Amino acid sequence: MAMKPRERTPPWAAGAKTDRTREQIIDGARLAFQEFGYASTRVEQIAKRAGVSRPTFYVYFASKQDAFLAVADRSVERLDRVLEALEALPGRSDDRDLASWVAELFSYFDDFGVFATVWRQAAFADPELQQSGWKAQRRWATRIGRQIDRLRGRSFGDAVAQGLAVEAMLEALWFIAYMDGSGRGRESAVATATAMLRSLLANT
């Protein structure tokens with residue numbers, strides 16, 4: 001997700017109001033893309049969910065694709081914070097530490113998990129998106145894999161493969177809880193993810 005949107009400079013001075021409007025549009029775009037998918041989303045739908053007019057959308061973004069890339073940038077920024085939290089875990093992390101991090105990751109998925117699926121769908125028809133997304137995913141997987149090795153105290157094969165496996169496992173557990181829609185399902189998913197991470201870290 002390294003591609004950059006072609007954002008437009010508003011015809012007035014940047015400040016709190018313009019920042020808020022831009023963030024409204026990005027969030028409206030996230031909601032629209034998650035609801036309709038990339039191909040079916042129209043600028044009018046983004047504007048409606050952002051609470052702005054269609055002309056206002058074009059003040060900030062040149063196209064639907066640019067709004068899509070801006071949402072991807074937000075996803076990257078948020079995931080970076082989640083991975084920084086993983087990197088900050090102590091070497092002797094207990095289940096409370098692991099559960100807290102899993103909950104933080106699940107919170108990220110709450111906001112961007114569905115969007116990540118939309119990104120993958122869009123990438124099927126766009127080689128540039130494919131390459132950008134895969135490079136970013138390898139970076140994240142490497143960071144996760146290396147942190148699992150650090151917390152375990154030893155390397156356990158390829159960091160990228162390990163990171164991809166952990167990410168896929170946790171995203172699948174989040175999705176089950178998301179579809180369940182109950183607090184009990186969420187608690188169960190966090191507990192299961194924590195237990196699986198603990199087992200992975202204990203593997204010597």
Side-chain angles (χ1 to χ4, degrees), residues 1-10 14 17-83 102-141 143-144 163-164 167-181 185-186 189:
M1 298 185 187
M3 295 171 61
K4 295 296 181 183
R6 296 168 299 160
E7 297 184 32
R8 291 176 168 170
T9 302
K17 182 178 179 180
T18 54
D19 289 345
R20 282 196 304 271
T21 301
R22 180 177 176 279
E23 291 305 315
Q24 281 179 238
I25 295 171
I26 292 174
D27 198 48
R30 178 179 64 85
L31 295 174
F33 289 128
Q34 290 180 172
E35 183 175 354
F36 301 108
Y38 179 74
S40 298
T41 296
R42 302 192 307 273
V43 167
E44 291 82 357
Q45 294 164 328
I46 295 174
K48 181 178 181 180
R49 279 150 188 77
V52 302
S53 67
R54 189 172 186 272
T56 297
F57 171 90
Y58 282 113
V59 166
Y60 289 84
F61 293 98
S63 67
K64 176 182 80 171
Q65 184 188 51
D66 292 320
F68 184 71
L69 294 175
V71 177
D73 278 350
R74 284 291 173 275
S75 175
V76 168
E77 291 169 4
R78 178 78 173 277
L79 183 56
D80 274 341
R81 293 197 294 272
V82 174
L83 296 184
V102 169
E104 187 171 350
L105 179 63
F106 278 18
S107 180
Y108 161 78
F109 285 140
D110 288 340
D111 291 335
F112 293 102
V114 177
F115 177 78
T117 299
V118 175
W119 174 279
R120 294 181 191 115
Q121 292 169 346
F124 276 113
D126 189 325
E128 193 173 4
L129 287 182
Q130 288 178 22
Q131 289 302 312
S132 177
W134 173 235
K135 288 178 181 178
Q137 191 168 23
R138 281 184 62 87
R139 289 196 300 272
W140 303 330
R143 289 175 69 179
I144 293 172
L164 288 171
E167 181 186 9
M169 173 191 74
L170 296 178
E171 187 173 3
L173 287 169
W174 164 80
F175 184 72
I176 291 170
Y178 176 82
M179 295 302 294
D180 178 86
R186 178 71 162 231

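Given the structure is predicted, the values throughout are model-derived calculations rather than measurements.
A 4.5 Å side-chain heavy-atom check between Val59 and Arg22 finds every atom pair outside the cut-off. At a threshold of 4.5 Å between non-hydrogen side-chain atoms, the residues Glu23 and Arg74 count as touching. When side chains are defined from C-beta on, Phe33 does not count as touching Val114, because their heavy atoms never get closer than 4.5 Å.
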Return all side-chain donor-acceptor pairs below 3.5 angstrom for residues 174-181, not counting sequence neighbours, or 'none' if the list is empty.
unit_1 : atom_1 : unit_2 : atom_2 : d
Trp174 : NE1    : Asp110 : OD1    : 2.8
Asp180 : OD2    : Ser182 : N      : 3.0
Asp180 : OD2    : Ser182 : OG     : 2.2

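The side-chain contact (heavy atoms from CB on, under 4.5 Å) check on Arg78 picks up Arg81, Ser107, Tyr108, Asp111, Phe112, with sequence neighbours excluded. Scanning for salt bridge (charged side-chain N to carboxylate O under 4.0 Å, His left out) contacts around Glu167 gives an empty result, with sequence neighbours left out.
Here the shortest heavy-atom pairing between Phe106 and Leu170 reads CE1-O, 3.5 Å. Looking at every heavy atom in both residues, Pro127 comes nearest to Ala125 through CD-O, 3.9 Å. Nearest heavy-atom pair, Phe57 versus Ser63, reported as atom, atom and distance to 0.1 Å: CZ-O, 3.5 Å. The two residues Phe61 and Ala70 come nearest to each other via the heavy atoms CE2-CB, 3.6 Å. Annotation for Val43 and Tyr58: closest pair CG2-OH, 3.4 Å, computed over non-hydrogen atoms.
Screening Ile26, Ile25, Val76 against Val71 for a side chain to side chain contact (heavy atoms under 4.5 Å, CB included) leaves a single residue, Ile26. Residue Leu129 is tested with Phe124, Phe68, Tyr38 for a side chain to side chain contact (heavy atoms under 4.5 Å, CB included); the sole match is Phe68.
How far CG of Leu31 is from CZ of Arg49: 8.0 Å, rounded to the nearest 0.5 Å. Atoms CH2 and CG, from Trp140 and Leu164 in turn, are 11.5 Å apart once rounded to the nearest 0.5 Å. One distance of note links CZ of Arg139 with CD1 of Ile144; it measures 13.0 Å at 0.5 Å rounding. To the nearest 0.5 Å, atom CG of residue Asp126 and atom CD of residue Gln131 are 10.5 Å apart.
With hydrogens and angles ignored, the 3.5 Å screen pairs a side-chain donor or acceptor of Gln130 with a backbone N or O of Ala123. Although no hydrogens or angles enter the test, the distance criterion places a donor-acceptor pair under 3.5 Å between the side chain of Lys64 and the main chain of Thr41.
The pair Asp27-Arg20 does not meet the salt-bridge criterion, since no charged nitrogen lies less than 4.0 angstrom from a carboxylate oxygen. Electrostatic pairing of Lys48 and Glu35 does not count as a salt bridge here, judged by no charged N lying under 4.0 Å from a carboxylate O.
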Kindly determine whether Glu171 and Arg120 satisfy salt bridge (Lys or Arg N to Asp or Glu O under 4.0 Å), including the steps that lead there.
CA-CA 14 Å; Glu171 187 173 3; Arg120 294 181 191 115; 3.3 Å; yes

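Judged by distance alone, the side chains of Thr56 and Ser53 do bring a donor and an acceptor atom under 3.5 Å apart.
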